[in-house]
Every structure is written in C-alpha cells, then in structure tokens.
Amino acid sequence: MSRIASTAKSFNPVLNNVFEKTVKYSYGRTHLRDPEACQKIIDKLDLTHHYKPNNFNIIDVNPGYGLLSSMLNYELKPKNHILIEDKDKCVSTLTGMIDELQNKSNNDSFELYKKDAYEWETYSDLIDKDKLISPIVQPYEKVNDDLLIVANWTGMRDESIIAQWVGCCGNRNWLMKYGKVRMVIFVPALSAMKFITEPGFRKRRRTGMKFSLFTDSKLVAITEAAEKTISEDYKIEDKESDEEKSLRGSSSNGGLKIPVGLGYDPRVLVRDQPPVITKAQYFRNADFAVIEVIPGDHTSNEIANIEYFMSSIYVTSAPLKSSITGVAPGAEYLLKLIPKDILEKKSYELTNEDILEIARAYEEWPFKPSLEDSYMGDFTQTEAYF
Amino acid sequence: MLQAQKSLIRRIPKLHSYSRLLHQTSKSSTLALATSSSSSYVSPLITSRIIQPLMAINSLNATKSSNAKNDRITKQSYLEFDSDTYSLADDEKIAKYYSSKHDGVERRPYTKEINYLKNILESFSEEKYFDKTDQILKSLSKLVTTREFTDIVNKYLENVSQGESLSLEGLENIITELQTTCQFVTNSRTEAVLLSKVLSDEKTTTTEIKKYLENFEKREIKEILRNMEVIGAENLYKIFDSEFIDLSCIPQELHEVYQEYQVKSSVNQVAGDTLKLQENEIINPLNKKNLSELLPVDSFGLKVIRHSLLGLEPTPESALEFSTKVNEIIKDLDDEQLKEDIRSGKLNHHEVYTKLQTPEQKAAYNDALEHFNYDRQKQIEIRGIEGAKEKWKHDFEEQQKRGDLNLTKGLNAQCYDWLQKMIPAIEKEHTLCKALLENDTSVDQGDKATKKERAFYAPFLIKVDPEKAAVITILELLKLHSTGGVTNGFRAYKSVIAVGKAIETEFRTCLHAQKERKATSQKNASSQLTKLISESLDKEDDLTPFWDNSTRSRVGGVLVSFLMSIAKVKVRKHTPKGLLEDYHPAFYHGMQFIGGQRIGVIKIHSEISKCLTGTSFTESIQPQALPMLVKPKPWASFYGGGGLFTKSGLVRMRDAPETEAYVKAASKRGNLDEVFKGLNVLGSTPWTVNSKVFDVISHYWNIGEEFLSIPPVLNEAKFPSELPENADPKEKLERSKLVYKSLREFASSRSQRCDHNYKLEIARGFIGEKLYFPHNLDFRGRAYPISPHFNHLGGDLTRSLFLFWEGRQLGEHGLDWLKVQLANVYGVDKLSLAGRIQFVNDSMDKVIESAADPLAEDAWWKKAEKPWQALSVCFELAEASKMDDPTKFVSHLPVHQDGTCNGLQHYAALGGDIEGANQVNLNPADKPQDVYTYVAGLVEKRVRADAEAGNEMAKFLQDKIKRKVVKQTVMTNVYGVTFVGAIQQIKKQVSQHFGDNDNEHLYAKYLASQVFASIRELFENAHLIQDWLAEAAKRITKSVALDFGDSKDSEHELHSSSVIWTTPLGLPCVQPYRVHKQTAVKTSVQDIFISIPSGTSAVDSRKQQAGFPPNFIHSLDATHMLMTAAKCGEATLNFASVHDSYWTHAADVPVMNRLIREEFVRLHTTNLVQILKDEFVERYKGCYQKVRIPNNHELSKKIKIIKKAWATTLQRKITIADELYMERKRLQMLESEKPEEVEAAKSMETTISVALEYDCYGLVDSKAASAFEILVPLQFPEIPKKGTFDVNLVKQSQYFFS
DNA sequence: TGTGTGTCTAGTGACAATATCCATAATTGGGGG
DNA sequence: CTCCCAATTATGGATATAAGTGTTAGACAAAGA
C-alpha cells in the first residue's frame, strides 16, 4: 500500500506518506491522486493575491480524500478551512490528515463537518447554528476576499447542484448573499462544455446562458478527453473551417489540433488556456473540468419575467422569429417589440445584452401571460390510492 | 410529382428498414459462423468420417444465407417489384412464432406493413385509384398466404364493384389479371361479388339472370349465396325470384327467409312485416330536412319518447312504429288514468314497464322497446357527433339572436364558430390530399416536409367527412382540458392520439353502417334477413385492421394543428393607452419540463378554460363510449361483441400483438365458447337508472359544496405567499412544494368533479331508459364494461345509481337479503347474517325516515360506510315495508355478495391451508371470519415479542395494531404489492392514527415487514405456490429459445419468451410485458413519441416475474366469475359482477350463492398448479436456461474444453447463439434421414449435449465460491405440496361470499 | 474471472418525452459503356 | 438497357434537456481490481 510523497510547491511535506496512492471507493466522484495535477490547478488559479493568509475562510465541499484541500490549505493558509464531507472512508482519511497536521505542524485551520453537502441546511447550520465561520457581507462591486468555496461536484447527479448554485448567483441568496464569493468547482467535463460558453456555441442552452448572465466563469483546467469521445479519423484542418466546425460543438470531428479540449467552446479554450490533467493524475475514469465561478453583475430579477419564455425559446434552435410565435397566445405582438437583429438570431446565439433587451420588450407587452399561466403543473408523481 | 408519389409509396410500407434489419443480422455472429470455413467449428471430438455430412449441411446453410440477401426488398419500392425475388416463401409467410413454437399460434412477418397495406388498399379502392391498388395487391400477394390473399382481393372487388363506373367486364378483367399476375385464387365469395354486380345492373333481365346462374351447379350456388352480405337483400330476392332456384340452392341459414318469401310472393305481397312508411332513410346523417321533421314527435299522440340522448331524436318512422305498438299494448289496460299517463308521456320507459300489469304486456313492451331502441342506438352511434354540432349551432343562433352572454352557451357558440372555420380548412386539405394521391401536379403541395407528411395521412384523412372530423377534433381537445397533469391544457401527445383514435372510430362506424345499409337497402327486406346480413357482416375480421399509432398521430396531428391555427378567442385588455382588443389563439403549444425531460403540451387560452371549469360538456363523450340501449351483440368471435357499429376486441390490450394472436387463435379453435357464454350473460343484463337516488345526488351536487364523496366546486388553487427573489433556497424549495401540492389538490378535485359530472350527466340521460353494458376482458380474463365513464364498476355513488331493469318479487327470503345488503353497505358486514338482519330490523324506523326524507340534515343513511348505496337500499326497503305482503314486492335492487378477500380465497384453495381457509371463510363457520383482524392479531403478537426483546419501536407500536392498519396491505398482498408499496399504505395509516410523525417511516417499514411475515405464516402453502409461480416466471423469462440466432428468424431477442398460461375456461393469458422500442413520429404539432408494439422484443423479465403470481390469481377469480355468470345465465338470473362482488336480485341470492360455491369447488377440484406446470413444460420445451454450476465440477471442465475448441477454430469468443446453433444442428441431424448424419450427431458433443447427462439443477450450489454458467433444457421446480383442506367444504360455507 | 458499486424501479385496470445531431444504409441521379 | 459511382435522403441511435433528490430494499449491470 504505497502512499503519496511529493515535492510539489504547495504540497505540505508534513503530509508525505499520508495519502494513499490508490483508493478503493470513489463514491461516484473523481478524485485527484497526483500532487502535480493539484499544483497545476493551484498555479492556474493564482489565488494568493486575492486572499490574505489567516484572514479568510474556505468552505471545501466534498474534499474526498483531501489531497487538493491540503495543498490549497498549505498554499493559501486560510483561517478556517471547513471540509464538508460525509463519506466514511473519506472522513477517516481526512481526520488522519488533520491529526497529522495538528501534531506535526500545529495547523488547526481544518475543521471537518460531516454532513451531506447536498442539503441547503448544511450551509445554514454551518454558519448560523454551529457558527464554525462567520463570513462578512461584502458589496457586489468586488470579489469577496473573506470566503472561498471549493467543491467537487463530479458525480453523475451533481450537475443539478452546479446549476442551482449558479441560480443562487442570480438570486444572490445562499452563500452568495455575502457578496461575490469565488467558487472553484470540479465538474463533469460535459457540464463544463455546456456551461462555460460564449454566444454562438451550439451547446449553449438555458443554463449556459445563465452562467453568462449571472457569473464570470472560467475554465481552470480540463482533462484529456476519454477515448470514446475522440474520433478515429481525426484530422488537422485549416483554420477557417476549423473555427466554424468547432463552433457547432460537435464532438466527432472538431477542429483543434490535438484531441484535448474536444467538445469545449474553442473560444473559451483560447481565452482561458486551461492546463490539461492527464488520466494518470486522477482516480475514476470520467472526464472532468475545474471551473472558477464568480457571481456577476446581473441578477435573476432582471429576467424573472421571461423565465417561461426562455424555456420555450431554448427548446429549438430555430431563429427566434419563428420559435416565438407559439410561445404564448398573441405572441405575434411581441415580435414588434423585439429588435429585428435579435429576432434573426438563434437561441444559442443570444448575448447577455440580447436577453436583457428581450426582458425589457416583454415587460412592454400588453398581453403577457399572467404569472399563474406560467405555472406548469408537474403532478406525475403517483399519489395515494384509497 | 412522380417523385412524391414514389416517396409516398416507398415510405408507407417502410419495408426496407426491415430488410435492412434482416441484412444486418445476416451478417451477425451466427451467420458468420455458418459461412466460415466448413469444418472449422466442428468439435475436434468428431471423427473425420462424420465431418463430411456436417460440412454438407453447413454449406447448404451457407448458400441459404447468401440467398438471404435477396430477401431484401431493395431498390424500387415494393409496390413496383415484379419478380418473385422479394417474396416470402410460402412457409415463411406464417411459419413464425411468438414465445413458443408449440402453441400453434402463428406470427406473421411484416404484420404492421400488411395491415398498413390493407388499410390503404381499402382507401384507394373506394377512390378507385387503380394504378395504386394494383401495386398494393401485387405486394400483398407476396406477403400473405393464398387464402388470405383471396379474402383481400374479394374485399377489394366488393369495394370497386360499387357504383356504375366499373362494368362487369371491367371487374372480370381485374380478376383475370390478378389471377395471372398474383396467383389469385377465386372462391365462392368472388363469384358472389360478380353475381351481385350482374344483379345490380338494372338492365339485366330475368332470363339473363337465369342464364348466368345456370353456369353454376346448385351446390356452388349454395356456397355463393352464403355470402349474403355481399349480395345484399335486394339481389337476394331477385335470385329467389329466378325459376332456376330451388331450395337445394339455398344455404341452411337462409331457408326460413326463402320459404317465407315464397309464401308471401305467392300472395303477391312482398315481405310486408315492416311498416309502410315513407322512404327508409334511417342513415342519412347530413339530411337537414330530416332533422326539422324530427321535432313534432308528439304529433303521434304519444310522448313516451321523451329523452333525446345527445340531442338526437328518434326517426319519425320508428317513433310511430313504437307508439303504435305501445297503443296496442295498453289498449286492454283497465286503468284509464295510467293509460292517459302513458299516452301523455308523463311516465318514462321504466315506469311504464313497471306499471304494466301482466307478464305478457311487459314482454310485449320490452319487445317493442328493444326494437325502438335498436333504431335509437343506431342513431346514437352514427349521428352522435352530429348531435353535438346541432347543439352548438342552436346555441350559436340563439346567441346571435339575443346577444346572450351565458358562458356555457357562449362556449358552444364559440365551438360552432371554430367549426365553421375549420370545415373549409379540412376540405382544402382533402383536395390537396386527393391531388397528391392522383399525382395532380397542378395543385401546390407546399414545402417538402408538408408534402411528405401529407403523403402519410392522405389515405386516411380523406375517409372522414370534414365536418365530422372538425367536430371530433374540437370535442376531443376540450375533453382533454386539464388532464395529464397540465393546468389549463393537456399533453400534446394525448390530444393527437385521442383525435386520431376518435377519427378512426368514426371512420369505422361509418364504414360499417354504410355496408349494412348497402346490403340491406331493400326497403321491403324482411327483418329476419336484415338481421342475418348484419350478423354476417360482423364476421369480417381483419380486413380493415386497426390503424397503428403512427397513423393515428399523423391524422390527429394534422387536425389538431388546423384547429390550433384557426381557433381564436377575443381578448380585451385595459392599458394606459386605452382598451386594446385582439384575437388570440385559443390553443397554443408549449413545452413542459419534468426532470429535464421535455413534454409537449397544448394549453387552452384562459378565456376558454374559464368557461370549461365545472360546467358540463356531455356532448364530448364519444357516443361509442355510452352504455347501450339494446342488448349488445353476443360475443362469438374475437371482434363483434359490443356496439352495433363499433369494433371492439374481446381482450383489451395495449400494443400486444402476441396476446392478440393467442386469443384470436383460441377463438378460431372454438376454445372460448365458455368465456363468451359468461360475457354474454354480463352483457345481457338490462339496467336502469335509480331516479330516486339520482334526485338526491343531484340536489347535493347542485349545492356545489363538499358532501360525502362529492367534491366541492373550487374556482382556483390557493397559493402560498410569494417569496422575495433572494430568499433562502431552502425556503424557496418548501414554497414550491406547497405550490405544487395545492395545484395537485386543485387538479384532483376538479378532475373528480369532472368525472362525477360525466357520470351524472350520462345517468340523467338514461333515466327511465333500459341500458346494457357490453363487456370485454383484460388480458387476464377479468371482465370490464366497455363504456368507460358510467358503469357499475364505479365508486359508491355510481353504484347507487343502478337498478335492474327487470323486477323480481322478493319471495320468501328476498326481504332478508335486502336487509343484509343494507347492513353490508352500512359497514356492518362482520356480523352473522342473522345479526345483520337484526341490525337492520332494529334500525327500521331510521331506514323509513331516510327514505321519506333523504335530505334531512342528519339522515341515517349519511353515516353509512357506503352512504349512497345505503340510501338506495333504504328506498327499496321502505317501499317493500309499505306492502302488506312484502314477499310480493317487486324489487329491482341488485344485492351484492362479496368474497372475503377473494384473491386469498383462491390462494387458500390452491394451497389447502387450513387456517388460511378458515380465515377467508372457505370453511363453514357460525359467523364470518375476518382475515384482517386475524392478521392484525398476528402482527400484534410479533410486535409484542419484539417489544419484550427490547425493541423501542415495537414498544411504541404495541397495542396500536388495528384491523385498519393492516387491511389494505393484506388485501393488496395477493395482487403483488411490493414492500415499498406496503410501506406507503401503512404509513398513511400510521400518520393518521399514531401521534409520532417524525418516525412514521420507520414505523411503517417495521410494520410492513411484520405484516408480510404474518401473512406468510398464515397462508404458508399459498405462499409456497406464490413462490413457485414467481420462480417459474423467472425461469421462463430468462430462458433462451433453441432457435435464437437462427437466420430465418432474426427478430427474436435473446430473452423473448413471455409467461403464457391458459385459464380453465380456455382463455390464453399472455403477459404483455415487453420492452418496446420507441420512435418519434413527426407531426405538424410536434414530434410524437410512440412505442412500436412487438411480440418478439425482449421481455421485461422483472415485470413478468412480479406480475405473474397476482395475474394468475386474477385469471382464476375471473374464471370463477365467468363460470358463475354462465350458470346464472342458465338459471335465468340477472347477473352482474365487479370482479369479486357478484350481484343479482334479492330473491335470487340463494340460487346465486349456491352457484358461486358450486363453481368455486368445480374450479378448484382440479389441481390447477399441476395443470399449469404441465402446460409450461409443453409450451417451453426447446428452451434453455442458464444455470450456474460449480466451476471445478467435471462438467464445467468438459464444456470449457468444447468452447475452447470452437473458439480457436472460429477465432473469436463463443456466444450463446453459437452454442445454440451447434445444438440445433446436432438435433437436426438426429432427425435426419441419412443414417450417417444420425451417427454423426450421436457422437457429436456440444456444450448443451454434454450437460444432458447430468442433473444440472441438482448441481446448483449457491454457496460455491466460483460458479460456471451453462445452458440446460428448461425445467420447472416441483410444485409445492398441498395442504389438507378439502375444497368441497366451501359448499357449506355460508360466509364464503356474503 | 469473481468482487464491490452504482443505478434503477418497484400491484391492477390505463393513461407513452422531444429536438437535434450523426453515422450509415438505401436510394437516386448521372455518366459511360 | 444496365452498371457503377457520387450525391442525396432516410433512419435509427445517442445525447441533451432542467435544476432539488418524498421514500428503501433488492435486483441487475457495468466496471475496477
């Protein structure tokens, strides 16, 4: 049973031979196993300027076996580092790590909080009831420098959490009520592809649009594409068609020169230059990406009136002018209110400004459906039988 | 346009996709095996001498499989192929099977395509698109057997011979051509078509007829005349007139008619048994003149004909006929007042019937009414749709006149407006369709996609009258309001299918009615002949198959999209700039998301839905879904029971071709006569509506408040208060849960109100009427009334509305049984019979009070467990007690006898558990045993034991276990309730009765396990049987057929045997649980997701296993019911049933009770499980099952060696298909005529054959660390031993049913 | 190949998800012989 | 007229969609060792 030892910059030498090289239980999530990979991510994040040592808190959601957490802790030196983890094996490794740190380096910033990170209650309890940390509310003009959220949401069903967190960014509730709190989230690669996009990318849908609107998001790191997503007759093509084809988000014959990054919005790749984590560096064979999400300047208030409208718009990829008609009774009238150039666009081509423009136009619309009309019942659940 | 045409023809059959499938599989593993080098996969153990024949066989197989390429129907669409290359060999046309080869139930390849072709053939032949019909016939001739092809062509000839456009020569030419091109073989029916054509020609002289007839032998003529529905009444008489004809030419069934005719014509008075009225125009739906004449019915001096169901008045002729007959009947009445009441129409049919004095009068009245109702029934079925339209029109005109703004009327007027706009749209579509079908390029077909769509639905759409189509569309959409979990709207899927189905039903009804009219159009046809002809019309089985769902959705789709685009509603909006007015679509399309999945919905504009809430919309009930006014046609074949013109199958099923095939086969073999007999008894029970109860219900209904089971009128759902945008996510979540909850409650209340409304409206329409419920079966043989809304299977309220039409004097015991009935519905059913009677006797004054003043605030009946039925009995008892001699009281009330947990009774009888039998009253006892109480006691005992052992939970629950807690779980245990389901049931009880809500789940879980254990303890043998059934189902559904992977039958999936058994009455039950493939059909509304029915796709093993034990028991209780029904029919009882509740007149209860017990004993004296096992063994022989044997056993080693040898020669892994292939070859050779092949086979070893020498089931050792999977012939475990209970005791058990 | 892990689905009558993309088979059309 | 190849079309399969996951046990399938 070999254990990890490393000379990586952010790796705490005290923890040499604490983490096991292979772990038996993945609990359905991906775990980094190589300190070098963690180092890549930490370097890319470049957070040392943003957070003052011993003067800020980290909420670390699903740290797993804690390798990355320990390195982040060593690198950033938070005052409190809350590890929200409820999986038994992880918890025991984590306690081992915490003990080790306390014994050998007197570091007691870590606090293990054994609760289900899925529950909203966990967070409110953490702050309001158990008072492990007391974050400071900071204005939305700048990024909050008191709180950092790190999360591993790489499981199958975790995507919904990511979407909801972004929703919280729009609502400015939950932890986002403290201000622009930075989040570093491990997500499934496919989620990152859908969510971190620019207008015009074919995979951009409602949630992708919300990412743009409510957050400033970056790709921090990506993994090598799993083999099955790489097309065999992969060819290097010239740049123009390159651009066009990859814009379509097609995963089969994308235009990048190397398979890595296939399926991502190429402009995002160019913009963010994410480092690549190799397969050997993580445990569990499932692609993931690391994203950085910071709440943005727009709120869900601004588009609350067109929620239902948007959901209809993003069903099809036809230009707005044709998909708009069936959306509500009398939607023809709405056509007159929305600028022509927007109507020519397809749903995935809409920019933040376009969306806001539509929301404004919608407000002008005399026949806009009443709110309860947008309630679409979902009572498919089997109910009692006498 | 040629291209579009080709595209149409090509796309319709979709054969090439199948051929692709064939092609693909022909390349798959097994065939690769077959075509690989000849000797390579022969086991090395076989000597070279034996390899020779094997090689020959394999190369033969190889050539066959290379031929298989030619099976592909490629290139030109199959309407154009002209060689035999693509045809199915004769043996292939039928030589396929479903789950078992040994049942003689055939599966035809390309069923779907053949059905489609039959349908479009029907359509095209009526339109006389000969070039297309030729092609279709050619194609069909390649796909079906000669016999079937003859039937198809005959039908086609019938269709095209209609009218003047085709001469006799033309017809003959077609026949000759078909004979040469398609190997068409004529039969007597073909001759009948020709004969009919000859006779129909006005110019044909009698001599010519004679001459024509002389071409045949008399025996032949007899056969030809059998096809009377082809020839028609009028022509039949012409033949009768011919001097060439004598009695020897007349088939048996027509003898009577013939002789009668001879007599009458000799007196020169032709078949005068019908009234001489004006031209008989019964079926002319669109004749408006006819309608205006309908109003003055009372001009006949009789107002008996009061109710006009669906706004349809009876035809004047039949009304006149009826009134004449009634006048005749009441002529002799001595009560002048009664006479006057009847004449003036004060009394409804049932009142008249009950007031008549002599049995003769009653019989005569019944007879007259039956005749009269026959006409009305026809009217309802054929013109029901039109009735709705007339109502709209009426309201529209009223509104125009008065500017009336009443909401309901406004809606009707609105509908009329839409209708007017929709008709031209559909008419235009019709012309486009016809143009497309006629290759008329002058008409612009719009864009490509539209044209493609049109090509699909055109042949079907043009068959339905635009007006009717429009009415149906509007009705169906409004009917769907707020269904499918959509507020103010409905699922697009449902609407499209519903419209498609309704259109199909309408089309079928019209077609049938039209045929009947043609065949019986002779105005003076004798009623006998008319009846004979319409009966033989029913026999046409499968020549117009049901449309498949993709067709339905396409037809529905186009109509729905029309309505959506034309239906507008006016809206006004006050804005700062003043009043804005606009027309908005009444329906609009959207998407709903459920768990991320898209669901297409159509929403109804709020202005419209406002009008729809809570108001009645009875016109929207399809007339075919109403109870019938006349006795349903008796079941005699798979189709044919039920409505006059409505085709409904014997077994209701959803996309289960296998079930259908099995039942049809059984029906053809005559195995179902017993089933028919029972069903016909159920169908021939006449009912009427209990108007007294109806009045009371109606009173409370109209108040609009919640009362007993009547839900209140709710106008809108109440929502919790809004939350700010930035509220805590947890709070937001809680709120949205509340919102959904209140929406759900609102919806359920509304849908309940709606449902009740339907029922009440129908009941209102049928007050005083005589009504019948045609029944059919579900796949287990349980009988259900076909009319879905209003039937005696409903809840308490609905059941209380029913009375038997006929009355029976109470006689000696009747009164007591009425009292028992009251006690039962009051909830006092645990006492002995005497105790129950005593209970009612003690409450007699309250009973009479209840009847006298049912509306009283605290009336006694309202406290009953089933109040409405209690009220119904109160009325009856009060009436009876008024009589001096109650035994003379004529009672109409059905008295129920219910089995105590019927499923458990059957289990107990099967298992022979003594204690179990006691608890469900199989064993005679002084008072009824209550199994629920007993089980509750057992559970209590267990809980107490646990409590003593220190279980905290048990301590809490101790002494709290009541009957009610366990009741539902015990009851549903038989029906296969799962552990989770039981937890839910108990949880509900727990949360109601115990205080502690936090732990209710834990409690429920704990209790559920205790209840299960208790039931198991009580019905030990029964549960062993249950286990045996489940194990058998598991083995069957996990088995592999020997033929799997055979190139000739590549459609079967690996596990494709479903559980099939035959009930003691001969009904085959096929569990329809398979994994259906699904595809999307593009319609103009949206893509519609439909599942493709298949009898060969993989079985859903889990469902099959879970479903089999309860289904088997259900099939037994259904059998018991049908047996009892048949016996009751023989005993001339009126009989009805709700699965395990049997109903008859109070006076007849003793007889029925005896029959129930006798039949139960008769059913269970045979060893049903043994029979089932034998049946299974026979059915599933040739199937193999995977068995895990110890890895280190010598057999494992042997098989591994063989596998390895094969694998090395084949250069790949050995699959199951390979193993089966080798075994198949071995068995084939064993049967061979060549001795050397037999020899070779004998010494050949396959993975399967080596295992035969071992008792593999005995080798199974679950504890063994490592196991090895091998294939062995399917075997079934030994059936568990029966307990010692003697079923015959049931005969003496008073409380078995009570 | 034998394990632990993750996913799926749970009584009957009876109720069903769509849009889009992509690979590939089938068909058509054109050209040459 | 047929044959062959390129181009086009049809079709089935895969995948995403939204965004709390009411509940628990057990069977079954894929996957990691």
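Note on naming: letters A, B, ... go to the chains in the order of the sequence lines (proteins, then strands), and numbering restarts at 1 for each one. Please read these numbers as outputs of a predicted model, since none were measured by experiment.
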Separation of [X] atom [atom1] from [N] atom [atom2], in whole Å?
{"X": "Lys1103(B)", "N": "dG13(C)", "atom1": "NZ", "atom2": "C1'", "answer": "13 Å"}
{"X": "Trp153(A)", "N": "dG20(D)", "atom1": "CH2", "atom2": "P", "answer": "14 Å"}
{"X": "Leu190(A)", "N": "dA19(D)", "atom1": "CG", "atom2": "C1'", "answer": "17 Å"}

Looking at every strand, decide which applies to [X] at a 4.0 Å heavy-atom threshold: base, sugar-phosphate, or nothing.
{"X": "Gln1078(B)", "result": "nothing"}
{"X": "Phe490(B)", "result": "nothing"}
{"X": "Arg284(A)", "result": "nothing"}
{"X": "Arg782(B)", "result": "nothing"}
{"X": "Thr316(A)", "result": "sugar-phosphate"}
{"X": "Ser317(A)", "result": "sugar-phosphate"}

Nucleotide opposite [N] in a Watson-Crick or G-U pair, distances under 3.5 Å:
{"N": "dG33(C)", "result": "dC1(D)"}
{"N": "dC28(D)", "result": "dG6(C)"}
{"N": "dA16(C)", "result": "none"}

task: Considering only NZ, NE, NH1 and NH2 on the basic side and carboxylate oxygens on the acidic side, decide whether Arg1074(B) and Asp1100(B) come within less than 4.0 Å.
output: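 Looking at Arg1074(B) and Asp1100(B), the cut-off is not met.
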query: Any ion pair linking Lys210(A) and Glu307(A) (charged N to carboxylate O, less than 4.0 Å)?
result: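 The answer is yes: the pair qualifies as a salt bridge.
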message: For the base of dG6(C) and the side-chain ring of Tyr27(A), does the geometry meet a stacking cutoff of under 5.5 Å between centres and under 30° between planes?
response: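 Tyr27(A) vs dG6(C): stacking no.
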Among dA19(D), dT20(C), dT7(C), the one nearest Arg206(A) by side-chain distance: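 The closest nucleotide is dA19(D).
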message: Starting the side chain at C-beta, find the nucleotide from dG13(C), dT21(D), dA16(D) nearest to Lys194(A).
response: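 The answer is dA16(D), which lies nearest to the side chain.
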query: Taking N and O atoms by type only, does the side chain of Glu159(A) place a donor or acceptor under 3.5 Å from a partner on the base of dA19(D)?
result: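 Yes, a donor-acceptor pair under 3.5 Å.
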field: Between dT12(C) and dT7(C) - P atom distance, rounded Å
entry: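 dT7(C) and dT12(C) have their P atoms separated by 26 Å.
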field: Expected output: side-chain Thr122(A) to main-chain Asp116(A) donor-acceptor under 3.5 Å
entry: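 At least one qualifying donor-acceptor pair exists.
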- prompt: Taking for each residue the nucleotide of DNA chain C bearing the nearest heavy atom, is the 5' side occupied by Ile1088(B) or by Asp778(B)?
  reply: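 Its nearest nucleotide being more 5', the pick is Asp778(B).
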message: Here's a test of your reading of the structure: between Arg598(B) and Tyr784(B), which maps to the more 5' nucleotide of DNA chain C?
response: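 Of the two residues, Tyr784(B) wins.
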query: On DNA chain D, nearest-nucleotide positions of Val23(A) versus Gln1105(B): which is more 5'?
result: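 It is Gln1105(B), whose closest nucleotide lies nearer the 5' terminus.
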